[in-house]
> 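Sharing a structure here in C-alpha coordinates format.
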Amino acid sequence: MRIALAADAHGGTLWPLGEEARRVGDLARAVHDLERDVRPRWIWADTRAVYPALIERDVRVARCHDLTLTESLLLAYEGRYGEPRSAQAAHARLRGLPVPADETGPHAVQDTLFEPEPVEIDLAAVYADQLRRVAATEDPARFRLLVAAESAGALVAAEMGHDGMPWREDLHDQLLSELLGPKPVRGMRPAKLQALADQVGAAFGTAVNPDSPQQLVKAFKMAGLTVTSTRSHVLKQVDHPAVGPLLAYKELARLYSSHGWAWAQQWVRGHRLRPEYVAGGVVSGRWATSGGGALQIPKVMRRAVVADEGWRLVVADAAQLEPRVLAAMAGDRGLARAAGEIDLYAALAQAFGGARENAKIAMLSAMYGGTSGDAAKLLAVMRQRFPLAYAFVEDAAKAGEDGRLVRSWLGRTCPPPSAHWLKLVSGPEGGRAARDRGRFTRNFVVQATAAEWALTLMALLRGLLPAPARLVFFQHDEVMVHCPEDLVNEVSAGVSRAAEEATRLLFGETPVRIPMEAVAVACYADAK
DNA sequence: AAGGCCTATAAC
DNA sequence: TTCGGTTATAGGCCTT
(Lines give C-alpha, C1' and ligand atoms only; values in the text may rest on other atoms or scores of the structure.)
Protein backbone atom coordinates (compact mmCIF):
# COMPACT_ATOMS: atom_id res chain seq x y z
CA MET A 1 0.00 0.00 0.00
CA ARG A 2 1.15 3.49 -0.84
CA ILE A 3 -0.06 6.65 0.84
CA ALA A 4 0.84 10.18 -0.20
CA LEU A 5 1.18 12.57 2.68
CA ALA A 6 1.35 16.34 2.94
CA ALA A 7 1.77 18.20 6.21
CA ASP A 8 0.34 21.62 6.89
CA ALA A 9 0.01 23.94 9.82
CA HIS A 10 -3.12 22.24 11.13
CA GLY A 11 -2.32 18.58 10.58
CA GLY A 12 -2.14 17.14 7.12
CA THR A 13 -3.66 15.31 4.21
CA LEU A 14 -3.43 11.58 3.59
CA TRP A 15 -4.03 10.27 0.15
CA PRO A 16 -3.98 6.48 -0.22
CA LEU A 17 -3.28 5.98 -3.93
CA GLY A 18 -6.46 5.23 -5.82
CA GLU A 19 -8.66 6.48 -3.00
CA GLU A 20 -10.08 9.75 -1.80
CA ALA A 21 -7.80 12.09 0.09
CA ARG A 22 -8.70 12.75 3.68
CA ARG A 23 -7.65 15.46 6.07
CA VAL A 24 -6.42 14.59 9.52
CA GLY A 25 -5.96 16.89 12.50
CA ASP A 26 -3.28 14.83 14.22
CA LEU A 27 -0.92 13.76 11.48
CA ALA A 28 1.59 11.96 13.71
CA ARG A 29 -1.17 9.90 15.29
CA ALA A 30 -2.59 8.95 11.90
CA VAL A 31 0.84 7.96 10.56
CA HIS A 32 1.53 5.94 13.68
CA ASP A 33 -1.70 3.96 13.34
CA LEU A 34 -1.27 3.30 9.63
CA GLU A 35 2.34 2.30 10.12
CA ARG A 36 1.25 -0.19 12.78
CA ASP A 37 -1.61 -1.60 10.70
CA VAL A 38 -0.50 -1.56 7.07
CA ARG A 39 3.14 -0.40 6.85
CA PRO A 40 2.63 1.64 3.68
CA ARG A 41 5.30 3.22 1.57
CA TRP A 42 4.87 6.90 2.37
CA ILE A 43 5.10 9.28 -0.55
CA TRP A 44 6.02 12.78 0.41
CA ALA A 45 7.62 15.87 -1.03
CA ASP A 46 10.70 16.10 1.15
CA THR A 47 11.77 13.95 4.08
CA ARG A 48 13.70 16.85 5.63
CA ALA A 49 10.55 18.94 5.79
CA VAL A 50 8.09 16.24 6.86
CA TYR A 51 9.83 13.57 8.91
CA PRO A 52 11.47 15.48 11.79
CA ALA A 53 8.07 16.49 13.19
CA LEU A 54 6.98 12.84 13.16
CA ILE A 55 10.19 11.69 14.85
CA GLU A 56 9.65 14.38 17.45
CA ARG A 57 6.36 12.67 18.26
CA ASP A 58 8.17 9.32 18.44
CA VAL A 59 6.69 8.11 15.17
CA ARG A 60 9.01 6.27 12.76
CA VAL A 61 8.23 4.79 9.41
CA ALA A 62 9.72 1.81 7.61
CA ARG A 63 9.64 3.03 4.02
CA CYS A 64 9.15 6.18 2.03
CA HIS A 65 9.51 7.64 -1.44
CA ASP A 66 11.14 11.06 -1.32
CA LEU A 67 9.89 12.97 -4.34
CA THR A 68 12.60 15.63 -4.19
CA LEU A 69 15.51 13.22 -3.99
CA THR A 70 14.00 11.05 -6.70
CA GLU A 71 13.40 14.04 -8.94
CA SER A 72 17.03 15.00 -8.49
CA LEU A 73 18.24 11.51 -9.48
CA LEU A 74 15.93 11.43 -12.48
CA LEU A 75 16.80 14.91 -13.75
CA ALA A 76 20.50 14.04 -13.62
CA TYR A 77 19.87 10.74 -15.39
CA GLU A 78 17.87 12.50 -18.10
CA GLY A 79 20.65 15.01 -18.71
CA ARG A 80 18.63 17.81 -17.10
CA TYR A 81 21.01 18.41 -14.22
CA GLY A 82 20.35 21.69 -12.42
CA GLU A 83 16.63 22.03 -13.17
CA PRO A 84 14.62 22.70 -10.00
CA ARG A 85 14.07 19.43 -8.19
CA SER A 86 11.45 20.18 -5.57
CA ALA A 87 8.14 18.31 -5.70
CA GLN A 88 6.51 21.64 -6.38
CA ALA A 89 8.76 22.21 -9.39
CA ALA A 90 8.05 18.70 -10.66
CA HIS A 91 4.34 19.35 -10.27
CA ALA A 92 4.61 22.66 -12.12
CA ARG A 93 6.45 21.02 -15.01
CA LEU A 94 3.70 18.42 -15.31
CA ARG A 95 0.99 21.05 -15.37
CA GLY A 96 2.78 23.50 -17.58
CA LEU A 97 2.90 26.08 -14.79
CA PRO A 98 5.78 28.45 -14.06
CA VAL A 99 8.51 26.37 -12.39
CA PRO A 100 9.67 27.78 -9.05
CA ALA A 101 13.40 27.83 -8.36
CA ASP A 102 14.62 25.59 -5.55
CA GLU A 103 14.99 27.16 -2.15
CA THR A 104 18.62 27.50 -1.27
CA GLY A 105 20.56 28.56 1.75
CA PRO A 106 21.03 27.13 5.20
CA HIS A 107 17.45 27.61 6.39
CA ALA A 108 15.60 26.66 3.24
CA VAL A 109 13.88 23.65 4.76
CA GLN A 110 12.90 25.32 8.00
CA ASP A 111 11.53 28.36 6.18
CA THR A 112 9.24 26.31 4.01
CA LEU A 113 7.85 24.58 7.08
CA PHE A 114 6.12 27.71 8.27
CA GLU A 115 4.90 28.95 4.93
CA PRO A 116 1.67 27.61 3.47
CA GLU A 117 2.23 25.86 0.16
CA PRO A 118 1.51 28.45 -2.53
CA VAL A 119 -0.09 25.79 -4.71
CA GLU A 120 -1.63 22.45 -3.99
CA ILE A 121 0.83 19.81 -5.18
CA ASP A 122 -0.61 16.71 -6.77
CA LEU A 123 1.77 14.31 -5.07
CA ALA A 124 0.22 11.25 -6.66
CA ALA A 125 0.64 12.68 -10.14
CA VAL A 126 4.29 13.56 -9.49
CA TYR A 127 4.85 10.08 -8.11
CA ALA A 128 3.21 8.40 -11.11
CA ASP A 129 5.31 10.51 -13.44
CA GLN A 130 8.48 9.51 -11.60
CA LEU A 131 7.58 5.81 -11.78
CA ARG A 132 7.08 6.18 -15.51
CA ARG A 133 10.47 7.85 -15.89
CA VAL A 134 12.16 5.22 -13.73
CA ALA A 135 10.66 2.53 -15.95
CA ALA A 136 12.18 4.29 -18.95
CA THR A 137 15.73 4.07 -17.62
CA GLU A 138 18.11 1.54 -19.03
CA ASP A 139 17.81 -0.75 -16.02
CA PRO A 140 14.60 0.04 -14.11
CA ALA A 141 15.21 -2.58 -11.41
CA ARG A 142 18.51 -0.97 -10.49
CA PHE A 143 17.11 2.54 -10.57
CA ARG A 144 14.21 1.46 -8.35
CA LEU A 145 16.75 0.17 -5.86
CA LEU A 146 18.59 3.48 -6.07
CA VAL A 147 15.40 5.43 -5.35
CA ALA A 148 14.51 3.17 -2.44
CA ALA A 149 18.01 3.39 -0.97
CA GLU A 150 18.18 7.16 -1.38
CA SER A 151 14.79 7.57 0.31
CA ALA A 152 15.73 5.20 3.13
CA GLY A 153 18.92 7.19 3.55
CA ALA A 154 16.87 10.32 4.08
CA LEU A 155 14.93 8.55 6.84
CA VAL A 156 18.13 7.43 8.53
CA ALA A 157 19.68 10.87 8.23
CA ALA A 158 16.70 12.48 9.95
CA GLU A 159 16.66 9.83 12.67
CA MET A 160 20.39 10.06 13.34
CA GLY A 161 20.18 13.82 13.47
CA HIS A 162 17.49 13.45 16.09
CA ASP A 163 18.98 10.63 18.18
CA GLY A 164 22.53 11.93 18.01
CA MET A 165 25.83 10.20 18.66
CA PRO A 166 26.79 9.68 22.32
CA TRP A 167 29.21 12.44 23.27
CA ARG A 168 30.74 13.12 26.66
CA GLU A 169 31.08 16.87 27.08
CA ASP A 170 33.31 16.37 30.13
CA LEU A 171 35.79 14.14 28.30
CA HIS A 172 35.83 16.49 25.34
CA ASP A 173 36.58 19.43 27.63
CA GLN A 174 39.28 17.41 29.37
CA LEU A 175 40.87 16.50 26.06
CA LEU A 176 40.84 20.10 24.87
CA SER A 177 42.32 21.29 28.16
CA GLU A 178 45.15 18.76 27.95
CA LEU A 179 46.01 19.76 24.40
CA LEU A 180 45.30 23.49 24.43
CA GLY A 181 45.18 24.60 28.04
CA PRO A 182 42.04 25.58 29.93
CA LYS A 183 39.08 27.07 28.09
CA PRO A 184 40.03 30.69 27.37
CA VAL A 185 37.84 33.73 27.86
CA ARG A 186 36.20 35.03 24.72
CA GLY A 187 38.57 36.50 22.16
CA MET A 188 41.70 34.99 23.70
CA ARG A 189 43.81 32.16 22.41
CA PRO A 190 44.12 29.11 24.66
CA ALA A 191 47.36 29.24 26.63
CA LYS A 192 49.28 26.54 24.79
CA LEU A 193 48.26 27.96 21.44
CA GLN A 194 49.40 31.43 22.49
CA ALA A 195 52.71 30.03 23.73
CA LEU A 196 53.33 28.42 20.34
CA ALA A 197 52.39 31.65 18.55
CA ASP A 198 54.90 33.48 20.76
CA GLN A 199 57.60 30.93 19.90
CA VAL A 200 56.92 31.45 16.21
CA GLY A 201 57.23 35.21 16.69
CA ALA A 202 60.46 34.80 18.66
CA ALA A 203 61.95 32.60 15.97
CA PHE A 204 61.22 35.25 13.34
CA GLY A 205 62.24 38.10 15.63
CA THR A 206 58.93 39.83 15.01
CA ALA A 207 55.27 39.19 15.87
CA VAL A 208 53.54 37.15 13.19
CA ASN A 209 49.96 35.92 13.11
CA PRO A 210 50.38 32.18 12.48
CA ASP A 211 46.83 32.10 11.11
CA SER A 212 47.85 34.37 8.24
CA PRO A 213 49.55 32.63 5.30
CA GLN A 214 50.45 36.03 3.87
CA GLN A 215 52.30 37.17 6.99
CA LEU A 216 54.06 33.82 7.23
CA VAL A 217 55.28 33.88 3.63
CA LYS A 218 56.56 37.41 4.19
CA ALA A 219 58.31 36.46 7.43
CA PHE A 220 60.04 33.51 5.77
CA LYS A 221 61.11 35.78 2.94
CA MET A 222 62.66 38.23 5.42
CA ALA A 223 64.56 35.27 6.83
CA GLY A 224 65.85 34.50 3.35
CA LEU A 225 63.59 31.53 2.68
CA THR A 226 61.12 31.28 -0.17
CA VAL A 227 58.06 29.10 0.48
CA THR A 228 55.43 28.42 -2.18
CA SER A 229 52.72 27.96 0.43
CA THR A 230 52.38 27.45 4.16
CA ARG A 231 50.91 23.97 3.95
CA SER A 232 52.32 21.58 6.51
CA HIS A 233 53.99 19.28 4.02
CA VAL A 234 55.76 22.26 2.41
CA LEU A 235 56.90 23.68 5.74
CA LYS A 236 58.30 20.29 6.74
CA GLN A 237 60.94 20.71 4.02
CA VAL A 238 62.01 24.09 5.40
CA ASP A 239 64.91 24.46 7.83
CA HIS A 240 64.04 27.31 10.19
CA PRO A 241 63.42 27.44 13.96
CA ALA A 242 59.88 28.77 13.41
CA VAL A 243 58.78 25.62 11.59
CA GLY A 244 58.55 23.37 14.64
CA PRO A 245 56.25 25.53 16.75
CA LEU A 246 54.32 26.59 13.63
CA LEU A 247 53.43 23.02 12.68
CA ALA A 248 52.40 22.32 16.26
CA TYR A 249 50.31 25.48 16.22
CA LYS A 250 48.55 24.56 13.01
CA GLU A 251 47.52 21.17 14.28
CA LEU A 252 46.15 22.49 17.56
CA ALA A 253 44.55 25.57 16.02
CA ARG A 254 42.61 23.29 13.77
CA LEU A 255 41.18 21.39 16.73
CA TYR A 256 40.41 24.58 18.57
CA SER A 257 38.57 26.40 15.81
CA SER A 258 36.85 23.45 14.21
CA HIS A 259 35.95 21.10 17.06
CA GLY A 260 36.66 23.16 20.17
CA TRP A 261 34.48 24.56 22.94
CA ALA A 262 32.43 26.78 20.63
CA TRP A 263 31.65 23.80 18.43
CA ALA A 264 30.53 21.70 21.39
CA GLN A 265 28.42 24.56 22.69
CA GLN A 266 26.60 24.69 19.39
CA TRP A 267 26.23 21.01 18.50
CA VAL A 268 26.34 18.94 21.68
CA ARG A 269 23.30 18.80 24.00
CA GLY A 270 22.54 16.32 26.70
CA HIS A 271 25.44 13.97 25.92
CA ARG A 272 24.55 13.76 22.24
CA LEU A 273 26.18 15.24 19.15
CA ARG A 274 23.35 16.18 16.83
CA PRO A 275 24.65 17.38 13.48
CA GLU A 276 22.45 17.92 10.46
CA TYR A 277 23.09 15.19 7.90
CA VAL A 278 22.21 15.79 4.27
CA ALA A 279 21.49 12.56 2.43
CA GLY A 280 22.36 12.92 -1.22
CA GLY A 281 24.26 16.11 -0.41
CA VAL A 282 27.29 15.19 -2.54
CA VAL A 283 27.14 14.61 -6.31
CA SER A 284 28.61 11.16 -5.82
CA GLY A 285 25.76 10.23 -3.48
CA ARG A 286 27.78 10.48 -0.34
CA TRP A 287 26.22 12.28 2.57
CA ALA A 288 27.16 15.77 3.60
CA THR A 289 26.50 17.68 6.78
CA SER A 290 25.18 21.21 6.79
CA GLY A 291 26.40 21.86 10.31
CA GLY A 292 28.20 20.08 13.08
CA GLY A 293 31.05 18.86 10.93
CA ALA A 294 30.25 15.28 11.91
CA LEU A 295 31.98 13.78 8.89
CA GLN A 296 35.30 15.45 9.72
CA ILE A 297 35.61 14.72 13.43
CA PRO A 298 39.34 14.51 14.22
CA LYS A 299 40.38 11.03 15.26
CA VAL A 300 41.76 12.17 18.61
CA MET A 301 38.25 13.27 19.58
CA ARG A 302 36.89 9.75 19.37
CA ARG A 303 37.82 9.54 23.03
CA ALA A 304 34.75 11.66 23.76
CA VAL A 305 32.38 9.22 22.06
CA VAL A 306 31.35 6.87 24.86
CA ALA A 307 28.35 4.56 25.13
CA ASP A 308 25.79 5.08 27.86
CA GLU A 309 26.09 3.05 31.06
CA GLY A 310 25.28 -0.57 30.26
CA TRP A 311 25.29 0.14 26.51
CA ARG A 312 27.87 -0.44 23.81
CA LEU A 313 28.90 1.04 20.49
CA VAL A 314 28.95 -1.50 17.69
CA VAL A 315 31.31 -0.08 15.08
CA ALA A 316 31.90 -1.56 11.65
CA ASP A 317 33.55 -0.39 8.48
CA ALA A 318 33.78 -1.92 5.04
CA ALA A 319 37.50 -2.27 4.46
CA GLN A 320 38.73 -1.62 0.91
CA LEU A 321 35.20 -0.89 -0.25
CA GLU A 322 36.04 0.93 -3.47
CA PRO A 323 38.34 -1.64 -5.11
CA ARG A 324 35.83 -4.37 -4.21
CA VAL A 325 33.06 -2.40 -5.82
CA LEU A 326 35.20 -1.91 -8.91
CA ALA A 327 35.88 -5.63 -9.10
CA ALA A 328 32.16 -6.39 -8.95
CA MET A 329 31.16 -3.71 -11.46
CA ALA A 330 33.82 -4.51 -14.01
CA GLY A 331 33.19 -8.25 -13.79
CA ASP A 332 36.94 -8.74 -13.78
CA ARG A 333 37.38 -12.36 -12.72
CA GLY A 334 40.93 -12.04 -11.50
CA LEU A 335 40.23 -8.97 -9.42
CA ALA A 336 36.94 -10.40 -8.20
CA ARG A 337 38.76 -13.49 -6.97
CA ALA A 338 41.14 -11.31 -4.97
CA ALA A 339 38.13 -9.34 -3.71
CA GLY A 340 36.82 -12.57 -2.24
CA GLU A 341 39.60 -12.37 0.34
CA ILE A 342 39.62 -10.43 3.59
CA ASP A 343 42.70 -8.43 2.58
CA LEU A 344 42.28 -7.59 -1.07
CA TYR A 345 45.65 -5.86 -1.45
CA ALA A 346 47.52 -8.78 0.08
CA ALA A 347 45.72 -11.11 -2.31
CA LEU A 348 46.88 -8.92 -5.19
CA ALA A 349 50.47 -8.54 -4.02
CA GLN A 350 51.78 -11.45 -6.08
CA ALA A 351 50.53 -9.91 -9.30
CA PHE A 352 52.49 -6.75 -8.50
CA GLY A 353 55.85 -8.27 -7.77
CA GLY A 354 55.07 -9.44 -4.26
CA ALA A 355 54.62 -6.08 -2.53
CA ARG A 356 51.21 -5.38 -1.00
CA GLU A 357 52.00 -1.66 -1.11
CA ASN A 358 52.43 -1.79 -4.89
CA ALA A 359 49.05 -3.44 -5.30
CA LYS A 360 47.48 -0.72 -3.24
CA ILE A 361 49.13 2.07 -5.22
CA ALA A 362 48.04 0.47 -8.48
CA MET A 363 44.41 0.19 -7.39
CA LEU A 364 44.24 3.68 -5.93
CA SER A 365 45.89 5.18 -9.01
CA ALA A 366 43.42 3.40 -11.24
CA MET A 367 40.48 4.73 -9.23
CA TYR A 368 41.76 8.26 -8.62
CA GLY A 369 43.72 8.89 -11.78
CA GLY A 370 47.04 9.09 -10.00
CA THR A 371 50.21 9.39 -12.05
CA SER A 372 52.93 10.15 -9.54
CA GLY A 373 55.76 7.89 -8.42
CA ASP A 374 55.54 4.33 -9.67
CA ALA A 375 51.90 4.67 -10.73
CA ALA A 376 52.48 4.44 -14.47
CA LYS A 377 54.55 1.28 -14.18
CA LEU A 378 52.06 -0.35 -11.81
CA LEU A 379 49.10 0.64 -13.98
CA ALA A 380 50.74 -1.11 -16.92
CA VAL A 381 50.83 -4.26 -14.82
CA MET A 382 47.21 -3.79 -13.89
CA ARG A 383 46.22 -3.37 -17.51
CA GLN A 384 47.82 -6.69 -18.31
CA ARG A 385 46.65 -8.69 -15.30
CA PHE A 386 43.20 -7.18 -14.73
CA PRO A 387 42.15 -5.94 -18.15
CA LEU A 388 38.44 -5.60 -17.49
CA ALA A 389 38.86 -3.57 -14.31
CA TYR A 390 41.47 -1.41 -16.00
CA ALA A 391 39.24 -0.84 -19.02
CA PHE A 392 36.27 0.00 -16.81
CA VAL A 393 37.90 3.01 -15.18
CA GLU A 394 39.71 4.01 -18.38
CA ASP A 395 36.38 4.13 -20.22
CA ALA A 396 34.91 6.30 -17.48
CA ALA A 397 37.88 8.66 -17.74
CA LYS A 398 37.62 8.80 -21.52
CA ALA A 399 33.91 9.62 -21.28
CA GLY A 400 34.66 12.48 -18.93
CA GLU A 401 37.42 13.86 -21.15
CA ASP A 402 35.01 13.78 -24.10
CA GLY A 403 32.40 15.71 -22.12
CA ARG A 404 30.04 12.76 -21.85
CA LEU A 405 28.14 11.60 -18.74
CA VAL A 406 28.94 8.55 -16.64
CA ARG A 407 26.68 6.63 -14.29
CA SER A 408 27.07 4.57 -11.14
CA TRP A 409 26.02 0.93 -11.05
CA LEU A 410 22.47 1.82 -10.01
CA GLY A 411 22.17 4.82 -12.31
CA ARG A 412 23.27 7.89 -10.38
CA THR A 413 24.57 10.26 -13.05
CA CYS A 414 27.45 12.70 -12.86
CA PRO A 415 26.90 16.40 -13.61
CA PRO A 416 27.44 17.49 -17.21
CA PRO A 417 30.44 19.65 -18.10
CA SER A 418 29.94 23.32 -17.32
CA ALA A 419 29.90 26.06 -19.95
CA HIS A 420 33.18 27.20 -18.48
CA TRP A 421 34.71 23.76 -19.04
CA LEU A 422 33.45 23.61 -22.64
CA LYS A 423 35.16 26.90 -23.33
CA LEU A 424 38.38 25.85 -21.60
CA VAL A 425 38.58 22.50 -23.31
CA SER A 426 38.70 24.01 -26.78
CA GLY A 427 41.37 26.49 -25.75
CA PRO A 428 45.15 26.24 -25.33
CA GLU A 429 44.87 24.65 -21.87
CA GLY A 430 42.22 22.22 -23.12
CA GLY A 431 44.21 19.09 -22.43
CA ARG A 432 44.53 19.95 -18.79
CA ALA A 433 40.79 20.64 -18.38
CA ALA A 434 39.92 17.42 -20.17
CA ARG A 435 42.22 15.35 -17.96
CA ASP A 436 40.81 16.99 -14.83
CA ARG A 437 37.29 15.99 -15.78
CA GLY A 438 38.50 12.55 -16.75
CA ARG A 439 39.83 12.06 -13.22
CA PHE A 440 36.51 13.19 -11.84
CA THR A 441 34.40 10.77 -13.91
CA ARG A 442 36.91 7.96 -13.37
CA ASN A 443 36.46 8.38 -9.64
CA PHE A 444 32.73 9.05 -9.86
CA VAL A 445 31.75 5.60 -11.09
CA VAL A 446 33.57 3.95 -8.20
CA GLN A 447 32.83 6.42 -5.41
CA ALA A 448 29.14 6.70 -6.34
CA THR A 449 28.69 2.94 -6.47
CA ALA A 450 30.47 2.55 -3.14
CA ALA A 451 28.11 5.17 -1.73
CA GLU A 452 25.04 3.34 -2.92
CA TRP A 453 26.31 0.08 -1.52
CA ALA A 454 26.75 1.81 1.84
CA LEU A 455 23.30 3.35 1.58
CA THR A 456 21.77 -0.03 0.81
CA LEU A 457 23.62 -1.59 3.72
CA MET A 458 22.27 1.06 6.06
CA ALA A 459 18.72 0.70 4.82
CA LEU A 460 18.88 -3.05 5.40
CA LEU A 461 20.56 -2.74 8.77
CA ARG A 462 17.97 -0.25 9.94
CA GLY A 463 15.31 -2.86 9.29
CA LEU A 464 17.23 -5.56 11.16
CA LEU A 465 18.04 -3.68 14.36
CA PRO A 466 16.27 -4.90 17.49
CA ALA A 467 14.74 -2.17 19.66
CA PRO A 468 16.08 -0.11 21.35
CA ALA A 469 19.30 -0.29 19.29
CA ARG A 470 19.85 2.80 17.15
CA LEU A 471 22.06 3.79 14.25
CA VAL A 472 23.92 6.80 15.56
CA PHE A 473 26.71 7.46 13.07
CA PHE A 474 27.51 6.88 9.43
CA GLN A 475 30.61 8.04 7.63
CA HIS A 476 30.87 6.94 4.01
CA ASP A 477 31.81 3.30 4.67
CA GLU A 478 31.45 3.03 8.41
CA VAL A 479 28.43 2.64 10.69
CA MET A 480 27.93 2.86 14.43
CA VAL A 481 25.06 1.37 16.40
CA HIS A 482 24.34 2.26 20.02
CA CYS A 483 22.68 -0.62 21.86
CA PRO A 484 22.31 -2.28 25.25
CA GLU A 485 25.16 -4.63 26.06
CA ASP A 486 23.04 -7.77 25.78
CA LEU A 487 22.12 -6.96 22.17
CA VAL A 488 25.71 -6.68 20.94
CA ASN A 489 25.81 -10.11 19.33
CA GLU A 490 22.49 -9.66 17.61
CA VAL A 491 23.50 -6.25 16.29
CA SER A 492 26.90 -7.50 15.09
CA ALA A 493 25.23 -10.36 13.25
CA GLY A 494 22.82 -7.85 11.73
CA VAL A 495 25.70 -5.80 10.38
CA SER A 496 27.30 -8.82 8.68
CA ARG A 497 24.01 -9.94 7.27
CA ALA A 498 23.15 -6.47 5.97
CA ALA A 499 26.55 -6.31 4.25
CA GLU A 500 26.02 -9.65 2.54
CA GLU A 501 22.52 -8.74 1.45
CA ALA A 502 23.60 -5.37 0.16
CA THR A 503 26.28 -7.01 -1.97
CA ARG A 504 23.81 -9.50 -3.37
CA LEU A 505 21.12 -6.87 -3.98
CA LEU A 506 23.49 -4.71 -5.99
CA PHE A 507 25.64 -7.23 -7.79
CA GLY A 508 23.78 -10.54 -7.69
CA GLU A 509 25.96 -13.64 -7.83
CA THR A 510 29.60 -12.58 -7.57
CA PRO A 511 32.74 -13.95 -5.95
CA VAL A 512 33.33 -10.47 -4.54
CA ARG A 513 32.81 -10.16 -0.83
CA ILE A 514 32.44 -6.91 1.05
CA PRO A 515 32.95 -8.00 4.63
CA MET A 516 31.99 -5.81 7.53
CA GLU A 517 33.49 -6.88 10.81
CA ALA A 518 31.79 -5.27 13.76
CA VAL A 519 33.52 -4.60 17.05
CA ALA A 520 31.71 -3.70 20.26
CA VAL A 521 33.37 -1.05 22.40
CA ALA A 522 32.50 1.33 25.18
CA CYS A 523 34.55 4.10 23.55
CA TYR A 524 34.89 4.88 19.84
CA ALA A 525 38.64 5.43 20.26
CA ASP A 526 39.00 1.71 21.07
CA ALA A 527 37.36 0.57 17.83
CA LYS A 528 40.57 0.42 15.82
C1' DA B 1 29.34 45.26 7.87
C1' DA B 2 28.53 41.69 4.77
C1' DG B 3 29.77 38.64 1.32
C1' DG B 4 32.90 36.10 -1.72
C1' DC B 5 37.23 34.03 -2.54
C1' DC B 6 41.54 31.96 -0.90
C1' DT B 7 44.22 28.96 1.99
C1' DA B 8 44.56 25.33 5.01
C1' DT B 9 43.25 20.86 7.11
C1' DA B 10 39.87 17.40 9.12
C1' DA B 11 37.35 13.05 7.30
C1' DC B 12 36.47 9.14 3.85
C1' DT C 1 55.88 17.72 -18.40
C1' DT C 2 53.07 16.78 -12.74
C1' DC C 3 49.29 17.05 -11.56
C1' DG C 4 44.58 11.47 -6.83
C1' DG C 5 38.77 11.93 -5.99
C1' DT C 6 34.63 13.81 -2.85
C1' DT C 7 33.55 17.13 0.90
C1' DA C 8 32.87 21.01 5.56
C1' DT C 9 34.57 24.57 8.24
C1' DA C 10 37.11 28.60 9.78
C1' DG C 11 40.04 32.61 9.55
C1' DG C 12 42.29 35.98 6.67
C1' DC C 13 41.77 39.31 3.29
C1' DC C 14 39.76 41.93 -0.27
C1' DT C 15 35.71 44.11 -2.47
C1' DT C 16 31.38 46.32 -2.23
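Owing to the predicted nature of the structure, the values given are computational and were not obtained by experimental measurement. Within every chain, numbering begins at 1; the chains are lettered A, B, ... in the order of the sequence lines, protein sequences first and strands thereafter.
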> Regarding A:Ile297, tell me which of base, sugar-phosphate or nothing describes its non-hydrogen contacts under 4.0 Å with the strands shown.
sugar-phosphate

> When we call it a touch if two heavy atoms are under 4.0 Å apart, what does A:Ser365 touch: a base, just sugar-phosphate, or nothing?
nothing

> Are side-chain N/O atoms of A:Thr413 and A:Arg407 paired as donor and acceptor at under 3.5 Å?
yes

> Taking the side chain of A:Thr289 as its heavy atoms from C-beta onward, which of C:dA8, B:dA11, C:dC13 lies nearest to it?
C:dA8

> Suppose you measure atom P in C:dC3 against the same atom in B:dT7; what distance do you get, rounded to whole Å?
15 Å

> When the ring centroid of A:Phe507 is compared with that of A:Trp453, is the distance short of 6.0 Å?
no

> If you check the A:Tyr368 side chain, which of C:dG4, C:dA8, C:dT6 turns out closest?
C:dG4

> Do A:Trp263 and A:His172 have ring centres separated by under 6.0 Å?
yes

> By nearest atom, which of the nucleotides B:dA11, B:dA8, C:dG11 is closest to the A:Gln475 side chain?
B:dA11

> Is the base of B:dC12 touched by the side chain of A:Arg286 through a donor-acceptor pair closer than 3.5 angstrom?
yes

> Among B:dC12, B:dA10, C:dC14, find the nucleotide with the atom closest to the side chain of A:Gln214.
C:dC14

> Without decimals, in angstroms, what is the distance between A:Arg302 CZ and B:dA10 P?
13 Å

> Between P on C:dA8 and OH on A:Tyr277, what's the gap in Å once rounded to a whole number?
14 Å

> Give the ring-plane orientation class for A:Tyr77 versus A:Phe143, where under 30° counts as parallel, over 60° as perpendicular and anything between as tilted.
perpendicular

> Which part of the nucleic acid, if any, lies within contact of A:Arg439, taking any heavy atom under 4.0 Å across all strands shown: a base, the sugar-phosphate backbone alone, or nothing?
sugar-phosphate

> A:Trp167 ring centre to A:Arg272 NZ or CZ under 6.0 Å, with the angle to the axis within 45°?
no

> In whole angstrom, give the distance that lies between atom CG of A:Asp211 and atom P of C:dC13.
9 Å

> Counting heavy atoms from C-beta on, name the nucleotide in B:dC12, C:dA8, C:dA10 closest to the side chain of A:Glu478.
B:dC12

> Is A:Gln447 touching bases, backbone alone, or none of the nucleic acid, heavy atoms closer than 4.0 Å?
base

> Rounded to the nearest angstrom, tell me the gap between atom CD in A:Gln215 and atom P in C:dG12.
9 Å

> With heavy atoms under 4.0 Å as the rule, sort A:Val283 into base, sugar-phosphate or nothing.
sugar-phosphate

> Separation of A:His233 atom NE2 from B:dT7 atom P, in whole Å?
13 Å

> Scan A:Arg437 against the nucleic acid and name what it touches under 4.0 Å (heavy atoms): base, sugar-phosphate only, or nothing.
nothing

> Looking at C:dG12, I'd like to know if its phosphate oxygens (OP1 or OP2) sit under 4.0 Å from a side-chain N or O belonging to A:Asn209.
yes

> Looking at B:dA8, I'd like to know if its phosphate oxygens (OP1 or OP2) sit under 4.0 Å from a side-chain N or O belonging to A:Lys250.
no

> Closest to the A:Thr371 side chain: B:dA10, C:dT2, C:dG5?
C:dT2

> Hey, does A:Gly292 reach any base, or is it just sugar-phosphate, or nothing, if we go heavy atoms under 4.0 Å?
sugar-phosphate

> Can you find a side-chain donor-acceptor pair between A:Asp170 and A:Gln174 that sits under 3.5 Å?
no

> Begin from the C-alpha positions of A:Arg513 and A:Glu500 and carry the test salt bridge (Lys or Arg N to Asp or Glu O under 4.0 Å) through to its verdict.
CA-CA 8 Å; A:Arg513 289 200 308 144; A:Glu500 281 167 29; over 6 Å; no

> Side-chain N or O of A:Ser212 versus OP1/OP2 of C:dC13: is the shortest distance under 4.0 Å?
yes

> Roughly, in whole Å, what's the span from CE in A:Met301 to P in B:dA10?
12 Å

> Could you work out which one of C:dG4, C:dG5, C:dA8 sits closest to the side chain of A:Gln296?
C:dA8

> As a test of reading the structure: which of C:dG5, C:dG4, B:dA8 is closest to the side chain of A:Leu364, going by heavy atoms?
C:dG4

> Rounded to whole Å, please give me the gap between OH in A:Tyr249 and P in B:dT9.
12 Å

> Could you state the CZ-P distance from A:Phe444 to C:dT7, rounded to the nearest angstrom?
10 Å

> Could you tell me whether the phosphate oxygens of B:dT9, OP1 or OP2, come under 4.0 Å of any side-chain nitrogen or oxygen in A:Ser232?
yes

